[in-house]
Amino acid sequence: MAGAKEIKSRIKSIRDTRKITNAMYLISSTKIKKARAELENTRPYFYALRTEIKRLFRTVKDIESKYLYPIDRKDFKDGVDGVLLITADKGLAGPYNHNAIKKALDFSIDNDVKYYIVGEYGRQYFYRHNIDFEKSFTFSAQSPTMDEAYKISDLLLDEFDSGKIVKIFIVYTDFDSITKGEALLTRLLPFHREYFDDNKKLEEKQVNQPFEFDTNPKEILESVTESYLVGFIYGALVDSYCSELDFRMNAMNSANTNADTILDDLTIKYNRVRQQAITQEITEVSAGAKAMRMKRKAKK
């Protein structure tokens, strides 16, 4: 059994570590409140764009666009897919980063893929495992901004419009209450004409009169779709950041709980060792006193 000094040193080390994990838990719990507010502010904009595109499709059913699959799907030519992978800038967030990376890499098993990475963790993972990626965005994955979403969207659209990639996918971690913490792979472009009919959460006002267009509906669709892409990416960035904080809170809470359990066990062991040491000291003192008494009696 380890001595009292070693056990006491380990107790101190675990207590110091627990202070760090507890501080990280408190910081994450504070940040997530602000991140959740940003997420709630994002969704109305994103949902409104979805609604308008749905209404546009219902008005012009035979519209053609580079952002839509052809009416005859056989005319679509497969090629390289672009995958935007959103990870964190650091670890200590449970399986958050691993889940997103695994989802992105699994997709490449059956597809030719170019990766575009957000987050230092994902970038370093690809470097360490010698996995090629097309672009790594240098801005932080924490506190995402709309300006960052525009930059990502512009790059992906340029790649899409030039034909370097024929589809755009995004891998992010959803913070929705139903699929909370799940890494999702979602196709952004191109989409089917019935794509926007899948969302049953939206409440739309009934359109009693047909739309009148001042410009070509195709141009309107492409303009709105570009804004939609920015909105989706920004929402995914915020979703992922909220999920990262939530995963880190859970990881740090588990670390605190484990530290408390270990400290309780070590405290019991330390007390036992101290009791044994005290008992041994008392025994030695008693034995010494007894020996002295016997020695004095022998001299008489």
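Computed from heavy atoms alone, side chains included, the values below leave out hydrogens, waters and symmetry copies.
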Problem - Short side-chain to backbone donor-acceptor contact, T173 and S243, under 3.5 Å - result: no

Problem - Donor-acceptor under 3.5 Å (N253 side chain, M249 main chain) - result: no

Exercise for the section: Please check if atom CG in D264 has more than 12 non-hydrogen atoms from other residues, nucleotides or ligands closer than 6.0 Å. Expected result: yes

Practice task
Take V171 and F107 through the test side-chain contact (heavy atoms from CB on, under 4.5 Å) and record every step on the way to the result.
Solution key: CA-CA 10 Å; V171 175; F107 182 71; over 6 Å; no

Handout entry: Heavy-atom side-chain proximity of Y96 to S240 below 4.5 angstrom
Key = yes

Fill in the blank from the handout: Sequence neighbours excluded, the answer for salt bridge (Lys or Arg N to Asp or Glu O under 4.0 Å) partners of K12 is D16

Problem - Contact check, side chains of L84 and V118, non-hydrogen atoms, under 4.5 Å - result: yes

Handout entry: Y127 with I117, same ILVMFWY side-chain cluster at under 4.5 Å
Key = yes

Handout entry: Sequence neighbours excluded, every pair satisfying side-chain hydrogen bond (donor to acceptor under 3.5 Å, both in side chains) that has a member inside residues 116-126
Key = Y116-E159, E120-R123, E120-Q124, R123-S136

Problem - Shared hydrophobic cluster for L26 and M252 (ILVMFWY, side-chain gaps under 4.5 Å) - result: yes

Practice task
Find out if a path of hydrophobic residues (ILVMFWY) with successive side-chain heavy-atom gaps under 4.5 Å connects I152 to L185.
Solution key: no

Handout entry: Any side-chain heavy-atom pair of L189 and L156 under 4.5 Å
Key = no

Exercise for the section: Side-chain contact test, heavy atoms from C-beta onward, threshold under 4.5 Å: evaluate it for D106 versus I109 and give yes or no. Expected result: yes

Exercise for the section: Could you tell me whether the side chain of V80 reaches within less than 4.5 Å of the side chain of V166, counting heavy atoms only? Expected result: no

Fill in the blank from the handout: Which of T261, T21, T17 passes side-chain hydrogen bond (donor to acceptor under 3.5 Å, both in side chains) with N256? Answer is T21

Exercise for the section: Flag the pair E6 and R10 as a salt bridge only when some basic side-chain nitrogen lies within less than 4.0 angstrom of an acidic carboxylate oxygen. Expected result: no

Handout entry: Parallel, tilted or perpendicular: ring planes of Y172 versus F232, cut at 30 and 60 degrees
Key = perpendicular

Problem - Under 3.5 Å donor-acceptor, R248 side chain and L92 backbone - result: yes

Problem - Qualifying residues under side-chain hydrogen bond (donor to acceptor under 3.5 Å, both in side chains), relative to D239, sequence neighbours excluded - result: none

Fill in the blank from the handout: Taking every heavy atom of F247 against every heavy atom of A93, the minimum-distance pair comes out as CB-O, 3.2 Å

Problem - T267 side-chain N/O to L263 backbone N/O, donor-acceptor pair under 3.5 Å - result: yes

Exercise for the section: Mind running side-chain contact (heavy atoms from CB on, under 4.5 Å) on V238 and F175 for me, showing each step along the way? Expected result: CA-CA 9 Å; V238 178; F175 194 67; over 6 Å; no

Practice task
Inspect the surroundings of NZ in K114 and state if more than 12 heavy atoms from other residues, nucleotides or ligands are less than 6.0 Å away.
Solution key: yes

Practice task
For the pair R187 (side chain) and P190 (backbone), establish whether a donor and an acceptor sit closer than 3.5 Å, ignoring hydrogens and angles.
Solution key: yes

Exercise for the section: Sort and list the pairs that fulfil salt bridge (charged side-chain N to carboxylate O under 4.0 Å, His left out) and have at least one residue in residues 145-158, not counting sequence neighbours. Expected result: D147-K151

Exercise for the section: Going by the side chain to side chain contact (heavy atoms under 4.5 Å, CB included) test, name the single residue among V83, L105, L85 that passes it with V113. Expected result: V83

Exercise for the section: Please list, chain by chain and in numerical order, all residues satisfying side-chain hydrogen bond (donor to acceptor under 3.5 Å, both in side chains) with Y234, sequence neighbours excluded. Expected result: E38

Exercise for the section: May I have the step-by-step check of side-chain contact (heavy atoms from CB on, under 4.5 Å) for V230 and M146, ending in yes or no? Expected result: CA-CA 8 Å; V230 173; M146 188 65 77; 3.6 Å; yes

Problem - Candidates F126, F133, F169 - the one meeting ring pair (Phe, Tyr, Trp, His ring centres under 6.0 Å) with Y115 - result: F126

Practice task
Using side-chain hydrogen bond (donor to acceptor under 3.5 Å, both in side chains) as the criterion, list what pairs up with E226, not counting sequence neighbours.
Solution key: Y67

Problem - Test item: I101 and T87 side chains (from C-beta on) under 4.5 Å apart, heavy atoms - result: yes

Handout entry: Sub-4.5 Å side-chain heavy-atom contact between K103 and L184
Key = no

